[in-house]
Each structure stands twice: as structure tokens, then as C-alpha cells.
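Here is the structure we will look at.
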Amino acid sequence: MAPELVEEMSRPREQVRVLPALEKAEKGVVMRFAPNPSGPLHLGHARAAVLNDAYVLRYGGRYVLRIEDTDPKRVDPLAYDMVREDIEWLGLAISDIVYQSDRFDLYYRYGRELIERGGAYVCTCDNERFREMKLARKACPCRGRSIEEDLAAFEKMRAGEYEEGDATLRVRTDLDHPDPAMRDYPAFRILKSPPHPRMDAFLYPLMNFSVAVDDHLLGITHVIRGKDHIANTRRQRYIFDYFGWEPPVYRHYGRMGIEGVVLSTSQMRAGIAAGEYQGWDDIRIGTLRAIARRGITPEAVREAVLDIGIGETDISFSWENLFARNKAVVDPVANRYFFVPDPVLVRVKGAPDHVAHALLHPAHPERGTRDLHFTGQILLPREDMEKGRVMIRLKDLFNIEISGEGEDISARFAGESLAEARAQKAPIIQWLPEGTGIPCTLVTPNGNRTGICEPGVAREKGAVVQFERVGFARIDAVTPEGIIAYFTHR
RNA sequence: GCUGCUAUAGUGUAGUCCGGCCAAUCAUGCCGGCCUUUCACGCCGGCGACUGGGGUUCGAAUCCCCAUAGCAGCACCA
């Protein structure tokens, strides 16, 4: 095992909230994460994925990744890979992978059996007409056909002899059910286009059927999903009952909104197509790849999600809490550098040439220093010049006194005493020797900040660093023109 | 409209099942202080909540009823 991993595991965990116990879990569990491959995973997926993962880890057992690609209209062929990458990033302990598109023969077989058991019938009613009858608690004419007729019609559906919308297999539930959502819901439909990227079919199972069959066949013991599935859980119950199967234990957590970002895959896709977003990792959308690009770690996502738990209350996910978790992960690791945003050139008079040795990390001197050669001309953040301070401490260097304003700022050496700087309440600010730094663009959700950073930052590509007094940032790209850094958080 | 779920500080969360130990936990945030050659990290202190109204009870955040609000479902999506 890699040494970093050992260190990672022995590092005292932040106190992550203990999830409530699951009933019937003592002897181990089989759980599932079942995304639809319509795009990359986002924070909403992460909640389901991590919660299930945590329970599998806690009780032991298997964790099935089930790709729910039964609707070709909502399958993006590229998403299969993206989902896999995102799962890897999250570090889920997946033990089995199944694709529903590989299992259509199974669904057909159980579809026939459901008909034979009297649990389903082929309905050829017009959609709108069926809806009216359903709301009036009336049976549609198709409901009374014989099992043989339904079986034959089901075969015709499979063979492609019906056109889209002309026939559907319905589960026979209870037309008097007080909840109209329960009444004779559909289990299979006809679809002739678009073609499925992984197979050929005219007859497609709907989610409530394929999910119920698979949950049983895969031996799923516990299902944790959003409360938008409560009705589906009840619908699936009919199928379990018809087959005499024991359903899993279900938990439904509340709806989660996230401030400031789009979470819907279709909206994100539309935004990308319209050129509004740059891609699936645009920092303004809530995909995992987007937050990863900003320097959010999977550990932080995991902890934030566990912190939220499986409560049934609707919540609004706050970046503050995620950032706090992330900071705890990243702060001990991130090397420190100077980044001078919107720099102004200042000549310092009367100062001796000097080499500053700034620590890469204040808590880890053994990591070494960045050495900055002062030779008279320096770059300072314009922001700090506009505050009217006279005495300033250049971090790891010496004190200066500022005079002038605007583009005409100059400075004078004011001694090396840190104590004196303290006494005068001088701010300690970052600086760079003129001419040695490299251009750097800090990309933030509120726009970009340009400036100059230390040359050493070029060695940190892909890593999260801390720009002193500015905040954490992930070094996204190092090009001949300069560095692109993504702002993580303060 | 019908059906169902939920309701604790700015945010998240514990407590609610089995009423009293809750003048309500922890985290985050904010404010103040300390530490510190970063406005980071760390430490100390402070701020801040049981949706409303009835009822049951000696006693209710916890049980019951009503109201209000939010959310979800009523798709040939998942």
C-alpha cells in the first residue's frame, strides 16, 4: 500500500456523524448505486452513492453498480465512461457492475410470468383516455382480456408489431387505490427510436419493472434513495407481491437543493450546447468533475454527505459546510505561494539586496522553502496599496513605508524588525521580486483575477496550493503564457 | 384537484420511536480575543433554534388534533 494511503487512513478522521442503524442489516447487506447514464455524476448522485457505500462499509457485503440504461432517450454513450470515472474519483467500494441493457431477455421472461400470474395486461388504449379512466377509477377495456391474449399481445410488442404508443404492458394494481399514482401503472412500452447504443429492442421495460426484478435477482437487501421514489417503492411492492418475493428495506432521504448551481443533467446539457457553460466541468455547474477541478477532494464530499445523512427533511446543501470539510483535508497538504493579484510595481529605496526564505508550509519546515531574491523592485497587490497604509511588512522580508498613490507609488526601507511592524499594526503582505514571477489567472465563480505568482507554482500542476492571504486554489494548467488556477475557497 | 412525506439556530445535524436527565447536541457561519512573519491553521469566549394554535399530562421539542409552509408523486423518465 502506498505510504500516502497509510497516512491518509491513520489520520484522525474529522468526527463524521454516525448514520442511523439499518434494520435487518446485522448479517451484512447488499446495496446498489443505480445511476442513469445521461451525463456525469453530480452532487445529488454523490449523496446516494456515498450513503449506500457507507452502509456497505459498515455492515459488510456487496455494493452493486447498476447502470440503468433502459431509456435510450436518456442515454448518452459518453456517459458510461464518465460515470465510471466519477465513481472511481469518489472511491466507492463497488463489488459488482451490471448493465440493465444486458438484461432485457430477463425482463421479458419475468414480464411473461407476471402476465401468467395475472399481474399485468397489455393495454392499447389511447394515453389520454386511459388517464381519464384512471382518475375516474374505471377499468379500461383491455383489462378484461384473457392471459393467453395478453401473452400473445406481449409477443407482438416484442416483435415490433406495434408502433410507439400503441401498446403498453400495465401492472394490475387497484383501481380504487386512493392515490391515483398507484393505479395500473405501466411496466413496458414500445420504442422505435432512437436506437439504444448497446442493443436492439422495440420493447423497453420501465423503471418500476426493471428495478423491482433486478433488486430481487441481485439480492438487494437495502435501498437508500431520494423521497421522490416513495411512490415508486409502493408501485414496486405490487411486483414483489405478485412474485412472492420479499422486498428490500427502503429508506428515502429528503430532497436536496444546492445554492447557486444547476443540478439537473438536462439543464446542464442544454447550457453546454448553448455555449453558456464550457463543458461538464464548468465550475458553475454541480458535477463532481467540476468541483474536483476547483480542488474539492472526494474525502470532503464524502464527509459533507455523511454529515447530511439520510434525513427525510428537504435541505439546501451549503457550500460552506463542504468548504470547511475540504479545508481540513487540504490545509495540511497545500504548499504556500505568493500570488499578487492586480500587481503594482514599487521601487523600494534604501533597502539592501536580500534573499527571503519563505516556508512551503508553515507547519512543515522540512518541506523546504521558496527563495525570493529582493533586488529593489517589487510587485505588490494594488488592493493593499489603496488602503492608505504607510507601514507594511513584506512577508519573510522586511518593513517598508509607502508613499505616493496610484501608479506613482514608491517605498522606503523601514527596518527589519518584525516586532516594530507588529507594534505599528502593519499588515504582513505577499510580494514578488519584479521580473521573476509568472502570469497567473485565478478563475473564480465571480470572475477572474489576474496577477503574478511565484515560478514554483508551475511545479504544482493538478495540486491544490494556498495563495497566501488569497485562498486555496487548484493549479489547473501550466502553459507558456502562464498559469491557470481555479479558486477553491478561502 | 387527489395521494403521500417533512417541519430544531443563517446552513447542516443530534434529540422525537420508549414524554421528565433538553432553560435543547455537535459542526459550519458570524462576532470578539489569543497564537502566528498569510486575512490560513490552531486555541478560548460569545451570538443564534424546537413553524403556529389547541389538547392529553404533575410534566411535551418529544404523544394527539387542526392550521400553515415546503417538497414529492399522479409520464409509454430514472
Side-chain angles (χ1 to χ4, degrees), chain A residues 14-18 20 34-38 68-71 73-75 100 123 127 130-131 134-135 157 162 164-170 177-183 185-191 203-208 210-211 225-235 252-257 259 265-266 303-309 311-325 327-328 330-332 334 336-338 356 358-359 361-363 384 393-399 416 418-419 421-422 426-430 466-472 489-490:
Chain A
E14 288 292 308
Q15 61 275 39
V16 170
R17 191 168 303 290
V18 180
N36 164 251
S38 58
E68 301 204 332
D69 53 354
T70 53
D71 179 6
K73 290 178 179 166
R74 292 182 26 132
V75 169
Q100 290 193 313
C123 173
N127 203 15
F130 181 86
R131 199 181 109 84
K134 175 178 72 179
L135 291 176
M157 289 172 77
Y162 286 103
E164 273 184 44
D166 288 352
T168 128
L169 186 76
R170 294 189 174 282
H177 198 291
D179 184 352
M182 290 303 118
R183 300 174 197 155
Y185 67 86
F188 280 88
R189 63 167 168 172
I190 303 291
L191 220 49
L203 216 209
Y204 284 83
L206 274 321
M207 178 250 198
N208 281 305
S210 51
V211 163
R225 41 159 40 161
K227 75 175 188 183
D228 46 321
H229 286 295
I230 288 179
N232 291 325
T233 296
R234 284 196 262 268
R235 284 194 272 234
H252 300 97
Y253 55 75
R255 203 176 139 60
M256 183 171 89
E259 50 189 30
T265 303
S266 54
E303 287 173 6
V305 163
L306 292 179
D307 215 18
I308 286 165
E312 295 174 69
T313 316
D314 297 335
I315 59 158
S316 88
F317 181 90
S318 168
W319 293 103
E320 282 175 2
N321 296 310
L322 211 212
F323 289 165
R325 290 296 191 183
K327 197 184 278 183
V330 137
D331 182 79
R336 270 57 172 171
Y337 292 97
F338 288 160
L359 289 170
H361 195 290
D384 288 296
R393 171 76 178 184
L394 301 177
K395 186 164 185 289
D396 302 301
L397 196 61
F398 46 59
N399 309 332
E416 300 195 358
L418 177 61
R422 285 252 165 78
I428 300 170
I429 71 172
Q430 79 277 32
Q466 189 203 50
F467 287 140
E468 299 199 42
R469 301 208 315 137
V470 174
F472 293 91
H489 45 64
R490 281 203 65 85

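Letters A, B, ... are given to chains in the order of the sequence lines, protein chains preceding strands, and every chain is numbered from 1.
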Nearest-neighbour nucleotide for the A:Ile308 side chain, B:G4, B:U13, B:G73 considered | B:U13
A:Glu312/A:His252 under side-chain contact (heavy atoms from CB on, under 4.5 Å): CA gap, chis, key distance, verdict = CA-CA 6 Å; A:Glu312 295 174 69; A:His252 300 97; 5.5 Å; no
Determine, stepwise, if the pair A:Phe130 / A:Arg170 fulfils side-chain contact (heavy atoms from CB on, under 4.5 Å).
-> CA-CA 11 Å; A:Phe130 181 86; A:Arg170 294 189 174 282; 3.3 Å; yes
Considering Watson-Crick and G-U wobble pairs with both distances under 3.5 Å, what does B:C17 pair with?
-> none
Whole angstrom is fine here: how far is it from CZ in A:Arg393 over to C1' in B:U38?
-> 13 Å
Assign A:Leu206 to base, sugar-phosphate, or nothing according to its heavy-atom contacts below 4.0 angstrom with the strands shown.
-> sugar-phosphate
Watson-Crick/G-U partner (both atom distances under 3.5 Å) of B:G45 = B:C31
B:G42 to B:C50 separation - C1' atoms, rounded to the nearest Å = 33 Å
Check: B:U11 base within 3.5 Å donor-acceptor of A:Glu259 side chain = no
Take the protein atom NE2 of A:His229 and the nucleotide atom P of B:C71, then report the distance between them rounded to whole Å.
-> 18 Å
Would you mind telling me which of B:A78, B:U38, B:A75 lies closest to the side-chain atoms of A:Glu468?
-> B:U38
Checking B:A78, B:U37, B:U38 against the side chain of A:Leu418 (C-beta onward), the nearest is B:U37
Scan A:Arg74 against the nucleic acid and name what it touches under 4.0 Å (heavy atoms): base, sugar-phosphate only, or nothing.
-> base
May I ask you to say what A:Phe317 touches in the nucleic acid, namely base, sugar-phosphate or nothing, with a heavy-atom cut-off under 4.0 Å?
-> nothing
Would you mind classifying the nucleic acid contact of A:Arg225 as base, sugar-phosphate or nothing, using non-hydrogen atoms under 4.0 angstrom?
-> nothing
For B:U36, which nucleotide is its Watson-Crick or G-U wobble mate, given both distances must be under 3.5 Å?
-> none
For B:U13 and B:C74, measure between their C1' atoms and round to the nearest Å.
-> 33 Å
Between B:A78, B:G12, B:C41, which nucleotide has the shortest distance from any of its atoms to the side chain of A:Ser316?
-> B:G12
Taking B:U8, B:U38, B:A78 as options, the one with an atom nearest any side-chain atom of A:Thr313 is B:U8
Could you work out which one of B:U37, B:C41, B:U3 sits closest to the side chain of A:Pro180?
-> B:U3
Just call it for A:Gln466: base, sugar-phosphate, or nothing, with non-hydrogen atoms closer than 4.0 Å on any strand.
-> base
So, A:Arg183 side chain and A:Ala181 main chain: donor-acceptor pair closer than 3.5 Å or not?
-> no
Which part of the nucleic acid, if any, lies within reach of A:Lys134 when heavy atoms closer than 4.0 Å are counted: base, sugar-phosphate only, or nothing?
-> sugar-phosphate
Using the C1' atom in both, what is the distance from B:U8 to B:A23, to the nearest Å?
-> 15 Å
Expressed as a whole number of Å, how far does the P atom of B:A61 sit from that of B:C43?
-> 34 Å
Under 4.0 angstrom, heavy atoms only, what part of the nucleic acid is A:Arg234 near: base, sugar-phosphate, or nothing?
-> sugar-phosphate
Gap in Å between the two P atoms, one belonging to B:C65 and one to B:G29, rounded | 40 Å
Report yes or no: does A:Tyr185 contribute a side-chain atom to a donor-acceptor pair with the main-chain N or O of A:Arg235 at less than 3.5 Å?
-> yes
Give one of base, sugar-phosphate or nothing for A:Pro35, where a contact means two heavy atoms less than 4.0 Å apart.
-> nothing
Closest to the A:Lys395 side chain: B:U28, B:U38, B:C74?
-> B:U38
What is the nucleic acid contact for A:Asp396, judged by heavy atoms within less than 4.0 Å: base, sugar-phosphate only, or nothing?
-> base
According to the Watson-Crick and G-U wobble definitions, with both distances under 3.5 Å, which nucleotide is paired to B:A24?
-> none
Pick the C1' atom in B:G59 and in B:G55, then give their distance to the nearest Å.
-> 15 Å
How would you label the contact of A:Asn321 with the nucleic acid (heavy atoms, under 4.0 Å): base, sugar-phosphate, or nothing?
-> base
Listed nucleotide nearest any side-chain atom of A:Ser318, set B:U3, B:U11, B:U36 | B:U11
Using a heavy-atom cut-off of under 4.0 Å over every strand shown, decide if A:Ala324 touches base, sugar-phosphate, or nothing.
-> sugar-phosphate
Derivation and outcome, side-chain contact (heavy atoms from CB on, under 4.5 Å), residues A:Val211 and A:Asn232 = CA-CA 10 Å; A:Val211 163; A:Asn232 291 325; over 6 Å; no
So what does A:Asp384 touch, heavy atoms closer than 4.0 Å: a base, only the sugar-phosphate, or nothing?
-> base
Can any side-chain N or O of A:Asn36 pair as donor or acceptor with the backbone N or O of A:Glu68 at less than 3.5 Å?
-> yes
Complementary nucleotide for B:U3 - Watson-Crick or wobble, under 3.5 Å | B:A72
Under the side-chain contact (heavy atoms from CB on, under 4.5 Å) rule, what do A:Met207 and A:Asp71 come out as? Steps first, then yes or no, please.
-> CA-CA 9 Å; A:Met207 178 250 198; A:Asp71 179 6; over 6 Å; no
Would you classify A:Gly165 as touching base, sugar-phosphate or nothing, given that sugar-phosphate means primed atoms plus P, OP1 and OP2, and contacts are heavy atoms under 4.0 Å?
-> base
Check A:Glu416 against A:Asn399 and note the closest heavy-atom contact, atom names and distance.
-> C-ND2, 4.3 Å
Nearest listed nucleotide, side chain of A:Glu320, among B:A78, B:G29, B:G73 | B:G29
d(CD, A:Gln430; C1', B:A40) in whole Å | 12 Å
Touch check for A:Asn208, heavy atoms < 4.0 angstrom, all strands: base, sugar-phosphate only, or nothing?
-> nothing
Sort out the partner of B:U56 for me: Watson-Crick or G-U wobble, both distances under 3.5 Å, none otherwise.
-> none
Considering only B:U28, B:G73, B:C5, which nucleotide approaches the side chain of A:Lys227 most closely?
-> B:C5
